[in-house]
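Please read the structure below before turning to the comments.
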Amino acid sequence: MHLAHYLGLLHRAQLNLADAFRQVGAAHQDEPDVFHLCQQQAKRCDGFAELLRPFAARYAEEAPAEPDRLHSELFGGTRSGGIGLLRDLQDLYLMAAECDICWTVVGQAAYGARDRDLLAVVRRCEGETAMQLKWLRSRMKQAAPQALVVAE
Amino acid sequence: MVDRIADPWGPRTPYGAGQDWPVRVDTFLDGDLRAEDVDRWVQSASILHSNGDALDIAVKDGRIVGVRGRAVDRVNRGRLDPKDLYGWQANHSPDRLTRPLVREGGQLVETDWDTAMGRIVARSKELLDGPGGWGHFGFYTTGQLFLEEYYTLGVLGKAGLGTPHMDGNTRLCTATAAAALKATFGADGQPGSYADIDHCDALAIWGHNVAETQAVLWMRMLDRRRGPNPPAMLAADPRSTAVTREADVHLPIRNGTNMALLNGLLREVIRNGWYDEAYVAAHTLGFEELSRTVDGYPPERVAEICDVPASDVRRAAELLGGSRRLLSTVLQGFYQSNQATAAACQVNNLHLIRGMIGRPGAGVYQMNGQPTAQNTRETGADGDLPGLRNWDNPDHIAELARLWNVEPEIIPHWAPPTHAMQIFRYAEQGSIKLLWISATNPAVSLPDLSRIRHILRQPELFVVVQDLFLTETAELADVVLPGATWGEKTGTFTNVDRTVHLSEKAVDPPGEARADLDIFLDYARRMDFRDRDGRPLIGWATPEEAFEAWKECSRGRPCDYTGLSYDRLRGGSGIQWPCTDAQPDGTERLYVDGVFPTDPEVCETYGQDLATGAEFLADEYRAKQPGGRAFLHADEYRPSPEVPDEERPMLLTTGRTVYQFHTRTKTGRAPQLNAAAPDVWVELNPIDAERLGIGEGDLVGIASARGAVQARARLSGIRPGVVFLPFHYGWFDQDPADRTPRAANELTITAWDPVSKQPLFKVAAVAVSRLADGGGVPSPAPTVGGSAPVVSGVPATVGGPAAEATSHAGGE
């Protein structure tokens, strides 16, 4: 059973996203909404990872060796300025999208494994991940015209 | 005679449930003048708070000499707030601006209108030339102009320049009211009527020091409380105020925990079956999720988070759950705290699940802080689109484009309008290059003032200020335009309960000062804004023509004004919108049939996530199939972004006194009002004061991560661990050689609610220390209201002979 690998992938993706939220928030403290909401979302991601941990441990016992190139690297540090903010939010968006699709995949696997507890965790977290994507999109929509057309 | 400084609320006229509120006519005339000495009485309404009290301006020899409440009006039945009785004197202040000013060699110097407007227009044309030119303009307006002025500003901004960067200082006072009404009911618009006070059997007052912010509304509540079968009363406020001292149950919760309290109260209401199942089923969406969320907040948990006894939480829930006609009011304690919109929505939820909406006595007031804030919201001057239209609905944009005869593309609708704090951020970053500030004083009223001053001083930012006086903000401007004010110009405005009043010109403005409408029209003319057919974009020249144009814009929308006219507003009472040919006398209560403007074609918003502000899209909204039902929003409690720590162990909250308005631009120039509250103070609980070695009148330092101020101590009934500073005091009347920092907003944090974007003025962590002995002299705080002393020996605040007014129950 390979479910453990995807749980591991999702777990690490959530922790990476939490870390990236913190870094982006800190880099853009002069955008107070970005700063505060990034802190808030980082905590949320930590919480998701924590919820996944017992499942990852349980399924790891039945797992074969980890396949090649399982994990991806989506974040290479923050930038500054108006367009830098947009690019940083875009990085977060892609990382959240990775989590989002992982939740879908893990949810499908939970059906297959008849694991109601895991399914309950997926149901809760996938909704909140979708909301993170929605917030990032809203914030980028607001920032894009000023950063790309107006600012010098 | 009554000294309305010593007694801001005047004599009681008690009445019982279902009776009409008795008339009591309040008058104040200059010196020894009597009513028969007055040449003319000119119809108007209050401009110094949001209640919408109707009054007549007394004119003698071409000067304003006093005011008298209008007995005929539904809002105040003749009563006046002390700010209105005395505040008009500021119109005559010798330091009124009478000529435009421009900056020359670092100094502001007097000039003529052609020169001043010429500079603004030259810079505007230069900035507008080129792609993205619209984005260099920012407008920061007020809650104190007239409807006609806002609509004109809205049209020139949205269809002339095409910029989304327009907001009002209403962002600081009423943005959450609008956001909560939109989120719950689909569109802005106060469900209730002030007359609900006449019918209610319970009053719940949420973070609202109504006695000082809307004194006449408080008189109405007090008159019910003194009459037969008075309403029960609940107040949630960390301070002791005239309201909390009157209440049957007072919950002095820790600042920033409103959401936990409301979740807990809703849990009790639901668990005890005190909700209206049939109403919930027929008229709401989201009850299951709401029940699930609030169930995690038993009274003991609420007690722990909010620091109030669990038994009081239960008593409060019983008061709410046992009422048959429940009236709630909400204001800055909720609006200026973390989770502002979520908490304000919880009050809407309480009313929806109890079916307490749309009938006499059962209503919600999501209050405004300013006299014309409602119009900023309706006409598009606060960034919302005119007529409560939805920026994300292409049909609404097409309607506006047809009305204005412009291409839809010019109307900014690609994202939500830019809120005030973001406008200042763009100015800070340099992409907004022209900032036009009208009738507001951000150098004193925005959070984190050292940052705001820095932004306004940036040499590359062209700042235009339009005001009556050389305010702290105007001092930093490149061009200052002298405005005419209330009594010197004609226009309409709308209060919290949708009552529209006409305010007529009584006297000429001083010198070359001009009505704000004329200034905006002059700018539009000089900029040569044109419609699709080459005709002037703005085709009106007078207030009444502007009002007629606005009526067309409002047609068919929730705020329909088409049944109103200047003539209809003359002589009698104000009239509540919607007012149409079908409902010519206006509409007392909205949603009497439980049908809400949530239809996707009608609604003002497709909704937002309360925790992040994430915007929902049209399809997502349609999928909810609201079908005229209201939304019950749910959210968990989350602590404020700034909480006390070892270094800054106390919480700061800010607010008002009954005697002053905003940054005292007017009230500080009315002798009776200014003498009653002449200087800043800080309120402390005696427990904290003792621990810190602070006595009444001692000089205290209050410091946050942003800055520090000094104020003299008032030992008051505020909850332990919290200090209060009034936000009125800037430096215009301080000695320039000794401008010791005293503005509360030196300390406040730059942070805002994710939905309403209202700044968090009520939750900053501060360190408090004693700086000097007061020598036994009490602090300059009034002894009335929230700053009432708990120690003896403080002389009472009085106005003396100069403040003698009259109050006649039953009429004149």
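The model shown is predicted, which means the values in this text are computed figures rather than measured ones. Lettering follows sequence order; numbering is per chain, from 1.
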Determine the minimum heavy-atom distance between [X] and [Y], stating which atoms define it.
| X | Y | answer |
| --- | --- | --- |
| A:Pro32 | B:Ala751 | CB-CA, 4.4 Å |
| A:Gln146 | B:Ser431 | NE2-OG, 2.9 Å |
| A:Gln142 | B:Ala415 | CA-CB, 3.9 Å |
| A:Met131 | B:Phe616 | CE-CZ, 3.8 Å |
| B:Thr750 | A:His36 | O-NE2, 4.1 Å |

Practice problem: Can you tell which part of B:Glu620 gets under 4.5 Å to a heavy atom of chain A, answering side chain, backbone, both or neither? | Solution: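 Just its side chain gets close to chain A.
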
Is the number of heavy atoms from other residues, nucleotides or ligands within 6.0 Å of [atom1] ([X]) greater than 12?
| X | atom1 | result |
| --- | --- | --- |
| B:Arg622 | CZ | yes |
| A:His2 | NE2 | no |
| A:Arg58 | CZ | yes |
| B:Leu617 | CG | yes |
| B:Glu460 | CD | yes |

Quiz prompt | salt bridge (charged side-chain N to carboxylate O under 4.0 Å, His left out) between A:Glu31 and B:Arg425, intermediate numbers included | solution = CA-CA 8 Å; A:Glu31 313 292 341; B:Arg425 176 64 183 146; 2.7 Å; yes

Self-check item: Between A:Leu148, A:Leu37, A:Leu133, A:Leu136, the one whose heavy-atom pairs under 4.5 Å with chain B are most numerous
Solution: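 If we count pairs closer than 4.5 Å to chain B, A:Leu37 comes out on top.
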
Self-check item: Residue selection (most heavy-atom pairs with chain B, distance under 4.5 Å) from A:Ser138, A:Gly81, A:Gly82
Solution: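 Most pairs with chain B among the choices: A:Ser138.
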
Practice problem: Output the option from B:Lys757, B:Lys433, B:Met421 having the highest count of non-hydrogen pairs under 4.5 Å with chain A. | Solution: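 Highest number of heavy-atom pairs under 4.5 Å: B:Lys433.
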
Quiz item: When only pairs under 4.5 Å are counted, which of B:Ala611, B:Pro164, B:Gly130 shares the most heavy-atom pairs with chain A?
Solution: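 It is B:Ala611.
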
Practice problem: Please examine the side chains of A:Val150 and B:Trp134, heavy atoms only from C-beta on, and report whether any two atoms are closer than 4.5 Å. | Solution: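 They are in contact (side-chain heavy atoms under 4.5 Å apart), so the answer is yes.
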
Quiz item: Would a 4.5 Å heavy-atom cut-off, applied to side chains only, mark B:Asp609 and A:Trp135 as touching?
Solution: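 Not touching, per the 4.5 Å side-chain cut-off.
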
Self-check item: Step-by-step salt bridge (charged side-chain N to carboxylate O under 4.0 Å, His left out) determination, A:Arg137 to B:Glu615
Solution: CA-CA 9 Å; A:Arg137 180 185 286 271; B:Glu615 304 271 351; over 6 Å; no

Segment of [X] engaging chain B (4.5 angstrom heavy-atom cut-off):
| X | answer |
| --- | --- |
| A:Glu152 | side chain |
| A:Gln41 | side chain |
| A:Gln40 | side chain |

Quiz item: Atom CG of A:Asp33 and atom CD of B:Gln422: how far apart are they, to the nearest 0.5 Å?
Solution: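 Going from CG on A:Asp33 over to CD on B:Gln422, the span is 6.5 Å.
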
